[in-house]
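Here is the structure we will look at.
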Amino acid sequence: MKSIMIAAAQSVTPSGIIDRYPNSYNHFVLPFVIGISFIIVYLLIGLIRVLYHLTGEDRMKLLKSLFIPKTALKNIRDIFCDCLIHTKIWKRKPLLGYMHSAIAFGWFMLIVLGHLEVALFAPRHLEGITEGSLYYPIFYRFFIWMNPAHETLRGTVFFFLMDFFLLYVLSGIALAMFKRVRSIALGMRHTTKPSLADRVALYSLWAIFPLRLLAEGFTADLSGGSFLTKPVNWMFKAFFGNELNFMPTWWAYSICLGLFFLAMPFSRYMHILTEPLLILFRNAGLKVRKPRKGFAEAEIYACSSCGLCIDACPMNTQKKNLKYSSVYFIRFLRRHNNRKINEIADKCLMCGKCAAICPVGVNSPEIRRVQRETLNNNLKFDYSYLDSTSAIEKPKANGKILYFAGCMSHLTPKIIKSVESILKASGNEYEFMDKDKGICCGRPLMLSGKTEAARKTIEANRKLIEESGCTTLLVSCPICLKVFKEEYNLKGIRVIHYTQFVDNLVKEGRLSISKTSMSMVYHDPCELGRGCGIYDEPRHALESIGELKKAPKERDESMCCGYSLGSLTLDDKDRGKIAESAVENLLTNKPDCIVTACPMCYRAIRSKSTVPVKDFAEIFCDNIKLWD
Amino acid sequence: MIDFGFTVSPSSRLDLDKMDRTSFNALAKIEPDVLKCMACGSCTASCTAAQFEPTSLRQAILLLQRAQVEQALNLLKGCMLCGKCTMVCPRGINTRHLIISIQKIYGK
């Protein structure tokens with residue numbers, strides 16, 4: 001203590017900020033320095049690894065995207081909104097959003113302000129590693145003595161801001177602790193079971209900020225403080241009296257920081273550093289090519305293991321299926337546990353709800369699909385019959401609408417009949433592409449990982465569609481719609497779902513609709529809603545027929561009917577359970593009937609519903625004037 | 001050889017000793033639904049691929065039990081996994097996974 005005072009007395013600069021330690025070093029910074037050095041080296045190696053595993057083409061794409069102004073702006077906006085402010089969590093669960101942005105944004109501001117403070121008041125220490133630039137801004141309050149006689153407004157504002165953001169972070173930490181005890185209060189029914197590394201990182205993260213408050217409180221009479229640290233200082237001075245007590249606290253603070261950084265790469269907190277990279281990759285338009293390397297690796301490490309996907313997963317109606325959630329899938333991918341990876345990958349319904357609500361935007365269904373590809377793509381198949389010209393009738397639809405019903409619609413002839421009636425009633429000429437013999441669209445093969453086989457059926461169908469000379473391809477199955485839009489690359493041909501088609505007819509007034517007093521609820525099929533982004537058209541059209549009621553979970557949070565082609569191993573019983581809960585969700589507001597726009601959902605929901613279930617086309621067919 | 005105007009039809013004898021129990025058990029382990037099949041033929045009747053090429057899951061299961069693996073695989077190679085058979089199966093068999101599993105285990 002004596003030496004401190006002597007050093008302080010030695011050189012009083014006009015700014016009033018004096019290094020208490022002439023060489024600005026104390027042993028207690030070591031744990032922090034070790035931790036931060038480790039994480040920097042780890043990050044560099046990781047970044048090189050991920051970039052190395054990207055294909056050359058993808059790397060070029062990424063490089064180019066960084067210089068396109070539009071993408072660059074989007075990158076900046078996304079990084080700001082998603083990494084710092086967390087708009088996505090705020091929108092869904094405000095309290096959770098507050099908790100997370102308090103910790104993330106608050107901590108970020110503490111780091112930025114700390115560095116600014118040093119840059120303004122002790123710029124010498126940012127000049128290089130030898131001057132302590134690695135640790136000095138973090139432990140600034142330990143190393144300085146501020147002459148109370150030289151207190152400036154600028155300094156006081158910084159003191160206030162630092163204390164304010166510390167309080168902000170502490171409020172977030174308090175919420176986080178409360179969430180561990182009662183997660184439902186913050187809107188989460190289930191949370192993830194943390195792994196060992198997660199626990200180490202979690203508890204050290206919790207400890208960092210209270211310790212920081214204590215540590216800075218102990219030194220507040222030397223280095224200055226504001227509304228938070230000053231009272232702590234007064235209180236502890238009264239309790240302990242001796243200023244030497246503060247050394248263990250600074251040690252503990254530094255150890256917690258070091259521990260956090262050491263545990264970080266093996267824990268969920270890796271998402272803090274990986275998310276910006278993922279945003280760059282995603283905005284560059286990269287795709288998952290291998291389930292564990294390159295882009296997928298960035299996604300895996302960007303997963304924050306928050307567990308929002310556990311509540312979202314339609315399989316969670318049964319507790320035994322909680323383990324198939326995306327968060328655990330990603331965890332096993334990270335651990336290279338192949339048996340579990342395949343088990344979960346095959347179980348998933350691929351409804352895409354986890355990806356839709358993921359705060360980080362990890363598209364885990366896509367990783368699952370690629371994982372299936374590694375096992376199933378080389379299974380034998382023989383589609384030589386698709387090449388024989390005699391087997392398939394070629395549709396002729398010069399300038400007309402070409403209607404593709406799809407395999408599933410053929411199991412529900414009602415849908416096909418209704419669509420045809422609507423086409424006729426609206427005076428459209430059309431050609432029925434797969435009236436007798438249709439080729440599967442290829443989506444089920446894609447979903448099961450047989451991509452090469454899917455390419456064959458896609459090629460065969462594409463040839464038929466393009467040679468038919470149609471201008472519009474009308475589809476009545478959302479599963480087909482998605483693959484037509486994404487994989488077929490049909491130039492000059494508009495691909496529309498029948499809900500869009502009917503909505504257009506309604507808008508143009510080409511259907512004479514008799515409005516009823518019936519109340520309906522609309523079930524969003526996964527592939528139509530989350531898959532193709534079609535939410536408004538069917539709703540708008542249905543409002544012209546009757547009263548449309550809301551379901552608690554709808555639009556991008558709509559529940560899968562359970563019979564999705566995405567799942568390979570889910571058995572009939574479990575699917576039935578999911579269908580039951582989907583129906584329960586739809587019937588919450590007591591509608592007279594359920595309307596859906598997918599042949600699979602139609603069959604699934606009809607088998608469990610207590611009220612009539614109608615297909616979108618069917619309900620229109622019932623309520624329009626068909627013939628003059 | 002004298003042409004009698006007819007030939008001896010190929011033997012339709014089944015050699016059940018050739019049946020590969022281990023493979024079938026492995027199949028039943030990863031997809032137990034294979035034991036549920038009652039050979040009603042709904043899958044074959046609704047099959048998309050069967051419109052072009054003989055494809056039948058019902059028959060394939062029977063053939064596997066009769067040690068005729070080659071023929072069974074031939075009946076499944078044209079499958080497009082469209083999933084119609086799953087929807088129509090009265091026993092609720094997970095047909096798509098069954099087909100993939102058969103191809104995985106026997107098709108090596």
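Below, chain A is the first sequence line, B the second, and so on; all start at residue 1.
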Any non-hydrogen side-chain atom of Asn94(B) less than 4.5 Å from a side-chain atom of Asp572(A)? no

Looking at chain B, which one of Thr457(A), Thr569(A), Asp436(A) has the largest number of heavy-atom pairs inside 4.5 Å, strictly under? Thr569(A)

Can you confirm whether more than 12 heavy atoms, excluding those of Lys456(A), are under 6.0 Å from its NZ atom? no

Mind listing the closest non-hydrogen atom pair of Leu565(A) and Gly83(B) along with its distance? CD2-CA, 3.9 Å

Any donor-acceptor pair under 3.5 Å linking the side chain of Lys380(A) with the backbone of Gly107(B)? yes

Look up atom CD1 in Ile30(B) and atom CD in Glu343(A), then write down how far apart they are to the nearest 0.5 Å. 12.5 Å

Under 4.5 Å, counting heavy-atom pairs only, tell me which of Gln103(B), Arg91(B), Glu53(B), Lys84(B) racks up the most with chain A. Lys84(B)

Would a 4.5 Å heavy-atom cut-off, applied to side chains only, mark Arg96(B) and Leu568(A) as touching? yes

Side chains of Leu81(B) and Leu445(A), heavy atoms from C-beta outward: is any pair under 4.5 Å? yes

Which atom pair, heavy atoms only, marks the closest approach of Met87(B) to Arg603(A)? O-NH2, 3.2 Å

Where does Asn376(A) contact chain B at under 4.5 Å (heavy atoms): side chain, backbone, both or neither? side chain

Atom NZ of Lys104(B) and atom CG of Asn378(A): how far apart are they, to the nearest 0.5 Å? 9.5 Å

Main-chain N/O of Cys79(B) paired to Tyr383(A) side chain as donor or acceptor, under 3.5 Å: yes

Under a 3.5 Å distance rule, please check whether Tyr385(A) uses its side chain to pair with a backbone N or O of Gly78(B) as donor and acceptor. yes

Turns out that what part of Ile439(A) lies under 4.5 Å from chain B's heavy atoms comes down to both

Drop me the distance from Asp382(A)'s CG to Leu73(B)'s CG, to the nearest 0.5 angstrom. 12.0 Å

Cut-off 4.5 Å, heavy atoms of chain B, and the answer for Lys450(A) is side chain

Say you draw a straight line from NE2 of His97(B) to OG of Ser448(A); how long is it, rounded to the nearest 0.5 Å? 10.5 Å

Greater than 12 external heavy atoms within 6.0 Å of Glu452(A)'s CD: no

Rounding to 0.5 Å, atoms CG (Leu76(B)) and CG (Leu379(A)) come to a distance of 11.5 Å

So, the part of Cys89(B) with a heavy atom under 4.5 Å from chain A: the answer is neither

Starting at SG of Cys82(B), measure out to CZ of Arg443(A) and round the result to the nearest 0.5 Å. 15.0 Å

